[in-house]
J.: 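The structure follows.
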Amino acid sequence: HADAARSYVTVSTSSFAVSSTCADELPGRAASPRNGTSAVLRLTHRHGPCAPAGKASALGSPPSFLDTLRADQRRAEYIQRRVSGAAAAAPGMQLAGSKAATVPANLGFSIGTLQYVVTVSLGTPAVAQTLEVDTGSDVSWVQCKPCPSPPCYSQRDPLFDPTRSSSYSAVPCAAASCSQLALYSNGCSGGQCGYVVSYGDGSTTTGVYSSDTLTLTGSNALKGFLFGCGHAQQGLFAGVDGLLGLGRQGQSLVSQASSTYGGVFSYCLPPTQNSVGYISLGGPSSTTGFSTTPLLTASNDPTYYIVMLAGISVGGQPLSIDASVFASGAVVDTGTVVTRLPPTAYSALRSAFRAAMAPYGYPSAPATGILDTCYDFTRYGTVTLPTISIAFGGGAAMDLGTSGILTSGCLAFAPTGGDSQ
Amino acid sequence: ASILGNVQQRSFEVRFDGSTVGFMPASC
């Protein structure tokens with residue numbers, strides 16, 4: 001009976017509904033004492049009622065679920081190209097700095113997949129900025145004056161004005177931090193270092209690589225923080241003021257703050273749009289309570305956080321999947337919505353999930369974009385789901401909660417383009 | 001490569017320290 005209880009979980013369908021009221025409390029974990037220096041930032045869904053100042057609508061109109069999945073597919077394919085080293089050769093896709101960039105962008109059309117935002121402050125005096133968080137990119141940036149629309153987009157806060165910040169400076173072309181931009185470099189103009197970043201969903205930002213004080217919380221400030229002062233953006237950022245890069249290369253916030261916070265960070269993405277999560281820089285020095293797996297690096301692209309998958313269980317039963325299917329590793333990404341698995345693994349997961357759901361007789365619903373296993377739960381007050389557990393190299397496992405199994409009534413997984421990808 | 005997306009990361013605290021990635025369930 002205990003095994004059966006761990007194999008299935010029953011959840012109220014009311015929990016699938018999107019609430020218009022924010023349960024505005026930081027989780028207990030965020031408030032708990034942490035050894036050493038740490039800065040804890042409030043993290044929210046950009047379109048939920050907990051968005052900064054309660055102005056979710058100001059952060060861009062919520063995209064349709066189908067549009068989100070379309071953008072998600074472009075991002076997933078882009079990451080896979082970068083990790084495999086094929087990005088430079090792929091038509092229509094490019095690494096930052098490519099001179100042959102072709103970017104399908106829709107100015108002001110908010111279908112970006114970066115769904116989580118934090119508020120920090122920039123400059124002296126400090127000016128609040130609401131930024132998307134992205135573990136899949138390195139360079140942080142904000143829109144800066146002058147920034148006419150277009151080529152910039154409208155944002156909820158006043159544009160950051162570098163001329164009004166006493167601690168601001170443009171990075172000179174001769175500076176080491178300019179030459180270290182490498183793929184993100186965009187030449188030199190008037191002695192100032194130019195930057196450019198292109199994202200997998202087709203968005204771009206260009207401007208002046210700059211330095212200023214970044215205030216994370218009232219008592220945690222980072223002097224000389226390097227970021228992009230964006231003067232031309234295209235694409236999918238409508239409403240937000242910029243982006244906070246949490247990738248692994250030297251330009252990211254994590255790298256720049258490593259002398260203070262030890263290169264350690266964690267985040268908690270809230271289970272619903274009306275609850276609050278957090279990002280913690282620094283924090284617990286021990287891994288007590290965490291299920292851990294080695295961090296790996298893709299030789300083709302050191303930006304990404306990569307782990308090794310070892311297997312998947314559905315309803316407590318391990319799926320029969322050859323370990324070689326997972327040999328390419330898995331990118332842990334906050335900006336991709338739906339987990340992508342090699343087709344062989346996805347097929348096994350889908351079959352096991354459908355079989356486990358069959359006894360309950362839930363009506364099927366049409367596929368939604370890339371999601372092909374959907375149900376109509378409208379006649380049900382509660383639904384019972386098989387648990388899904390993802391195992392990692394070294395024995396770690398994620399036993400997914402209900403918020404990690406379904407999205408919009410569909411199994412929240414999708415296949416990659418091929419087992420060898 | 002597979003990609004672990006944000007739907008599956010929800011409610012976990014995900015921790016990076018330069019050599020490991022950690023997952024703690026029901027943290028938010």
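Chain naming here is simple, since letters A, B, ... match the order of the sequence lines and numbering starts at 1 in each.
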J.: Pick whichever of Asp399(A), Thr407(A), Val276(A) has the most heavy-atom pairs under 4.5 Å with chain B.
T.: Asp399(A)
J.: What part of Ala396(A) is in contact with chain B, defined as an atom under 4.5 angstrom from a non-hydrogen atom: side chain, backbone, both or neither?
T.: neither
J.: Using a 4.5 Å cut-off on heavy atoms from C-beta on, say whether the side chain of Phe392(A) contacts that of Val21(B).
T.: no
J.: Side chains of Val83(A) and Ile3(B): closer than 4.5 Å at any heavy-atom pair?
T.: no
J.: To the nearest 0.5 Å, what is the distance between CD on Gln9(B) and CG on Leu400(A)?
T.: 10.5 Å
J.: After noting the C-alpha distance and the side-chain angles of Val337(A) and Asn6(B), does the key distance pass the side chain to side chain contact (heavy atoms under 4.5 Å, CB included) rule?
T.: CA-CA 5 Å; Val337(A) 179; Asn6(B) 65 40; 3.9 Å; yes
J.: From Ile388(A) CD1 over to Gln8(B) CD, what is the distance, rounded to the nearest 0.5 angstrom?
T.: 8.0 Å
J.: Mind checking the CZ-CZ spacing from Phe265(A) to Arg15(B)? Nearest 0.5 Å is all I need.
T.: 10.5 Å
J.: For residues Ser2(B) and Ser328(A), determine if any side-chain heavy atom of one lies less than 4.5 Å from a side-chain heavy atom of the other.
T.: no
J.: Report which part of Ser27(B) has an atom under 4.5 Å of a heavy atom belonging to chain A: side chain, backbone, both, or neither.
T.: both
J.: Supply the atom-to-atom distance Leu4(B) CG to Thr339(A) OG1, rounded to the nearest 0.5 angstrom.
T.: 4.5 Å
J.: State the CD1-CZ distance between Ile405(A) and Arg10(B), to the nearest 0.5 angstrom.
T.: 12.5 Å
J.: Using non-hydrogen atoms only, which part of Val332(A) is less than 4.5 Å away from chain B: side chain, backbone, both, or neither?
T.: both
J.: Between Phe290(A) and Glu13(B), which heavy-atom pair has the shortest distance, and what is it?
T.: CE2-O, 3.5 Å
J.: Heavy-atom cut-off 4.5 Å, strictly under: side chain, backbone, both or neither for Thr402(A) against chain B?
T.: neither
J.: Just how far is it from atom CG of Asp17(B) to atom OG1 of Thr287(A), taken to the nearest 0.5 Å?
T.: 7.5 Å
J.: Taking every heavy-atom pair that is under 4.5 Å apart, which of Gly401(A), Gly277(A), Pro270(A) has the most such pairs with chain B?
T.: Pro270(A)
J.: Is Ser403(A) in contact with chain B via its backbone, its side chain, both, or neither, using a 4.5 Å heavy-atom distance?
T.: both
J.: Which region of Leu296(A), side chain (C-beta onward) or backbone (N, CA, C, O), has a non-hydrogen atom less than 4.5 Å from a non-hydrogen atom of chain B, or is it both or neither?
T.: neither
J.: Do you know which of Val7(B), Thr20(B), Val14(B) has the most heavy-atom pairs under 4.5 Å to chain A?
T.: Val14(B)
